[in-house]
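Here's the structure, in structure tokens; my notes come after.
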There are 2 protein chains.
Amino acid sequence: MSEYSQKRLLSRNTFSEATESVLRDMVLGGSLQPGERLNEVSLASSLGISRGPLREAIQRLVSEGLLTVISHRGAFVRTFSRPEIVELYELRGALELHAVRLACARATDAELEDLETMLADTADRMRDTDPAYPQEPDFHLRLVLLAGNQALMRSALEVQRQLSLARSMSAQRPTRARAAVVEHGDLVAMLRRRDVEEATALMTRHLDHSMDSAIAALGLPGGDGKPEGDTRQNRSENDI
Amino acid sequence: MSEYSQKRLLSRNTFSEATESVLRDMVLGGSLQPGERLNEVSLASSLGISRGPLREAIQRLVSEGLLTVISHRGAFVRTFSRPEIVELYELRGALELHAVRLACARATDAELEDLETMLADTADRMRDTDPAYPQEPDFHLRLVLLAGNQALMRSALEVQRQLSLARSMSAQRPTRARAAVVEHGDLVAMLRRRDVEEATALMTRHLDHSMDSAIAALGLPGGDGKPEGDTRQNRSENDI
DNA sequence: TTCCTGTGAACTGTTGACAGTTGTCAGTTG
DNA sequence: CAACTGACAACTGTCAACAGTTCACAGGAA
């Protein structure tokens, strides 16, 4: 019963909540492509539920920024234009720079040590096999966790998910991952020294590199977000 | 037709969307008290709709942080504990400090001048009548707007709404409002000089003062957020 | 040919009813 | 008197059907 109630802490016992999670995985996992339309009747029947709980789950994913709804036309997996991605990276910078400041003051040495070992494990796994981005976002989220602010954590998680979706519009760039791990290590080292100035400076540069890489990988044209790469993009997203 | 289509940009033409707006006003306006339970059948019938669109609106307000849903027990207006409010102010700091940095680099002199005149108007109106917080959040949101980042704007708006709800749990403190206007003026002055360092420092202090005032006004006990003062907060402004 | 128009299928928005859960309260037992 | 138990009422979760809108396509006019 212990691990059962553990799982039930999030009370995944209504169709609506379960569907939200399934839908999010489908969106972030790529089984629903950016721009693709969600057909309510077919999706509901394939999930074995009715349209009511499905629509409630859709509403929540709209608030999360993963879906877009146009009245009387349906729900679409969100697409991102180049300026929107730049905006998201700026927002991410606002959140994570503050997280660095807070973590520098609040994180215990033990917590930072845990982060270092996780980082070392990641580096090891990357050297053996070479997956493209082996849990890359996990480091940032764990760092934000050390800031000890749940509201900040929720916002950061939401931005990460949106950027993760935006990134799924692009090809992967494994070369960037290796540099990122090094930069993560430098950042943690500064945190251990409690050097706020240097830590925030490192994070700023790190996020700049990350954004440049993402933008380049996306291969988006100048103004609006028409994807023209290999991905079979069927829909263009709407306006705000 | 022009102003009609202007209004229709947000396409408030489905019950679900209209209900979301109405519910938000009820929560922020105080006609639904923090901690109060929302009875779906009575609320739906009083709004003249069925439970479907109402439930969809509730889901979105849950994502916004204004409501809480407990499975099989219902939706409740969110209450805030003291540490949650501190967290929200920290998050607000992260967002608005970054907004100050961006605005310092991007806002045009004309835009800053507009902000100054708005501020002067507010000061005038405060001297004549003395409302407690005359559009206090408006200044901050307009400032964030000058950062030219819609994602940042959305996050800041969401935090503002949650803090607005938290504040409705408290009595009002008109004395703080006057000091706030002065601090706003100082901040805009630094923005006009494009002095990022001083501007962010001012904003940091300003938010600290604001948080101290809010915490003191809330008079919350140590741990949880049981609302104990009943102030009927009249209006909160609506969306953009 | 090109553009306009109207018709119909497909889909979303909404509703009312049914099913399952929760909380209450009277009745009972120690 | 206190604690437990079981049934009832109220409410939420879910479903299937109806209503209104959108989109595509066939047919006709310029």
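Just so we're on the same page: letters track the sequence lines, and every chain starts at 1.
- The side-chain heavy atoms of A:Ser71 and B:Glu17, taken from C-beta on, include a pair separated by under 4.5 Å.
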Check the interface with nucleotides 7-14 of chain D: list each N/O to N/O pair with the protein under 3.5 Å, or write none.
{"unit_1": "D:dC11", "atom_1": "OP1", "unit_2": "B:Asn39", "atom_2": "ND2", "d": "2.8"}
{"unit_1": "D:dC11", "atom_1": "O5'", "unit_2": "B:Asn39", "atom_2": "ND2", "d": "3.4"}
{"unit_1": "D:dC11", "atom_1": "O3'", "unit_2": "B:Arg37", "atom_2": "NH2", "d": "2.9"}
{"unit_1": "D:dT12", "atom_1": "OP1", "unit_2": "B:Leu38", "atom_2": "O", "d": "3.2"}
{"unit_1": "D:dT12", "atom_1": "OP2", "unit_2": "B:Glu40", "atom_2": "N", "d": "3.3"}
{"unit_1": "D:dG13", "atom_1": "OP1", "unit_2": "B:His72", "atom_2": "N", "d": "3.3"}
{"unit_1": "D:dG13", "atom_1": "OP2", "unit_2": "B:Arg55", "atom_2": "NH1", "d": "2.4"}
{"unit_1": "D:dG13", "atom_1": "OP2", "unit_2": "B:Arg55", "atom_2": "NH2", "d": "2.9"}
{"unit_1": "D:dG13", "atom_1": "N7", "unit_2": "B:Arg51", "atom_2": "NH2", "d": "2.8"}
{"unit_1": "D:dG13", "atom_1": "O6", "unit_2": "B:Arg51", "atom_2": "NH1", "d": "3.0"}
{"unit_1": "D:dT14", "atom_1": "OP1", "unit_2": "A:Phe15", "atom_2": "N", "d": "2.5"}

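- Shortest non-hydrogen contact noted between B:Val69 and B:Ala75 is CG2-CB, 3.8 Å.
- When the P atom of C:dT15 is taken as reference, atom CG of B:Leu54 falls 11 Å away, rounded to whole Å.
- Using a 4.5 Å heavy-atom threshold, the side chains of B:Arg78 and B:Gln162 count as touching.
- No hydrogens or angles considered: nothing links the side chains of B:Gln160 and B:His140 as a donor-acceptor pair under 3.5 Å.
- Between B:His98 and A:His98, a ring centre-to-centre spacing not shorter than 6.0 Å is recorded.
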